Amino acid sequence: MILALDIGGSKISAARIEDGGIVERHQVPMRYNEEAFLEAVREVADFGRPPERVAVAATGFLHDGKVFSVNINTIPFWKGFPLQAVLRRQFACPVVMLNDAQAAAWGEYLPRRDRVNNLLFITLSTGVGGGLICDGQLRTGPHGLAGHIGHASVSIPPLDAPVPPCGCGRPDCLEHVASGTALARQAQALLGKPMDSRELFSRIPQDERAAAIVDNAARAVAQAIANCLMLMDVEEAVIGGSVGLAADMIERIRRELDGLPALFRLPVSRAIAGADAGLLGAADWALRAAG
Ligand code: BMX
Ligand code: ZN
């Protein structure tokens, strides 16, 4: 069996994968120091028997088997953490790793590959992640950074501006406007109360400030998609992540994209595998790596 791990900014999901499908799954909250993290992985990955292969989709960029945060505020101890070696030791089997959004991009490309060869995947979750399929190939990049659209700058400031820079060091990242973390921060500033994105969306009908925060985020996502279209000539943008899949977020992104000149528009679809895109993409990637 393949053990797939999706290690995100807020939670770790694990799945036992057989014949390309998820047969069992567990989830635990992410932990933010090395010891607690390893304990959480042990707990979440216990399916009663050892895996033959571990497939990892991890937030952060992966280089030489090590993982680094781009946004250091998300996971402060990921500054070259030797994730591959640690997991190899723990499970005594091969470990294949991708960035979480790259893995999800691959997972979402597979069911679309008969009609699309160039695709952008964006996850709006704790952070904003991205993955690129170029001419049918997943682009990982020489530094593992390919697709990190959350840290491309956008000209749309968050509604609680001015704010300290993004945890990557830049002031005007997409992630700083449109991630779950950024939505919660803006909700706190404008609505005076900490709330997660689910609560923020539920407030939209009665509070125009909630709608303004979400639409501003959708506008920033649309701008980033249009930028990627001009750079890479992608055929479709796929949206995933808990914020991306929440309520009518995708319709809001489409509406903003429709407001741009025709040349900058492209189809925007929903992640077919939903929250499992990263797990399934990583598992398929690991199988291919096995040859
Ligand atoms: C951040 C960055 C990306 C990741 C994205 C979404 C870190 C730790 N992660 O931009 O590598 O793909 O978030 O990840 O810097 P998630 O944590 O929201 O799942
Ligand atoms: Zn950033």
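Counting starts at 1 for both ligands and their atoms, following the listed order. As the structure is a prediction and not an experimental result, all values here were calculated from the model. For reference, positions follow the sequence shown, starting with 1.
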Inset, instruction - Would you check whether I75 has a nitrogen or oxygen atom less than 3.5 angstrom from a nitrogen or oxygen atom of ligand 1? - result: no
Inset, instruction - Examine ligand 1 and decide if any of its atoms is less than 4.0 Å from a heavy atom belonging to N99. - result: yes
Legend entry - Proximal ligand 1 atoms for H148, defined as those under 4.0 Å from one of its heavy atoms: 3 (C), 11 (O)
Inset, instruction - Output the list of atoms in ligand 1 that are nearer than 4.0 Å to some heavy atom of H151, sorted by atom number. - result: 1 (C), 10 (O)
Inset, instruction - Measure the CG-CZ distance between L229 and F264 for me, rounded to the nearest 0.5 Å. - result: 8.0 Å
Inset, instruction - Could you grab the distance from atom SG of C93 to atom CZ of R88, nearest 0.5 Å is fine? - result: 9.5 Å
Legend entry - Residue pairs involving residues 49-69 (criterion salt bridge (charged side-chain N to carboxylate O under 4.0 Å, His left out); sequence neighbours excluded): E18-R49
Inset, instruction - Keeping the roles fixed (side chain from R265, backbone from L260), state whether a donor-acceptor pair exists under 3.5 Å. - result: yes
Legend entry - Atoms in ligand 1 with a heavy atom of V70 nearer than 4.0 Å: 7 (C), 15 (O)
Legend entry - Those atoms of ligand 1 less than 4.0 Å from some heavy atom in G8: 17 (O), 19 (O)
Inset, instruction - Look only at the side chain of R254 and the backbone of V268, and say whether a donor-acceptor pair between them is shorter than 3.5 Å. - result: yes
Legend entry - Heavy-atom donor-acceptor pair, D248 side chain to E251 backbone, under 3.5 Å: no
Inset, instruction - Identify, for atom 1 (C) of ligand 1, the protein heavy atom at the shortest distance, and state residue, atom and that distance. - result: E175 OE1, 3.2 Å
Inset, instruction - Return each pair, listed once, that meets ring-ring contact (aromatic ring centres under 6.0 Å, His included) where at least one residue sits in residues 136-191; pairs must be two or more places apart or across chains. - result: none
Legend entry - Distance (rounded to the nearest 0.5 Å) between D196 CG and S242 OG: 9.0 Å
Inset, instruction - Could you list which atoms of ligand 1 come closer than 4.0 Å to a heavy atom of G9? - result: 16 (P), 17 (O), 19 (O)
Inset, instruction - Output the list of atoms in ligand 1 that are nearer than 4.0 Å to some heavy atom of G127, sorted by atom number. - result: 13 (O), 16 (P), 18 (O)
Inset, instruction - Give the single entry among N73, T59, D100 that approaches atom 19 (O) of ligand 1 most closely by any heavy atom. - result: D100
Inset, instruction - Pull out every atom of ligand 1 sitting under 4.0 Å from any heavy atom of S125, numbered as shown with elements. - result: 16 (P), 18 (O), 19 (O)
Inset, instruction - Could you tell me whether R112 and E108 make a salt bridge, using a distance below 4.0 angstrom between a side-chain N and a carboxylate O? - result: yes
Legend entry - Contact (N/O only, under 3.5 Å) between V128 and ligand 1: yes
Inset, instruction - Output all residues satisfying side chain to side chain contact (heavy atoms under 4.5 Å, CB included) with E24, sequence neighbours left out; order by chain, then residue number. - result: R16, H26, F47
Legend entry - R115 bridged to E235 by N-O distance under 4.0 Å: no
Inset, instruction - Just the protein N/O/S atoms under 2.8 Å from the Zn ion (ligand 2), please, no waters. - result: H151 ND1, C166 SG, C168 SG, C173 SG
Inset, instruction - Would you mind listing which atoms of ligand 1 come within a distance below 4.0 Å of any non-hydrogen atom of G129? - result: 5 (C), 6 (C), 12 (O)
Inset, instruction - Kindly check if the number of other-residue, nucleotide or ligand heavy atoms within 6.0 Å of CD (Q206) is above 12? - result: yes
Inset, instruction - Could you tell me whether ligand 1 has any atom less than 4.0 Å away from a heavy atom of Q102? - result: no
Inset, instruction - Using atom types as modelled and distance alone, determine if a side-chain donor or acceptor of T59 lies under 3.5 Å from a backbone N or O of I7. - result: no
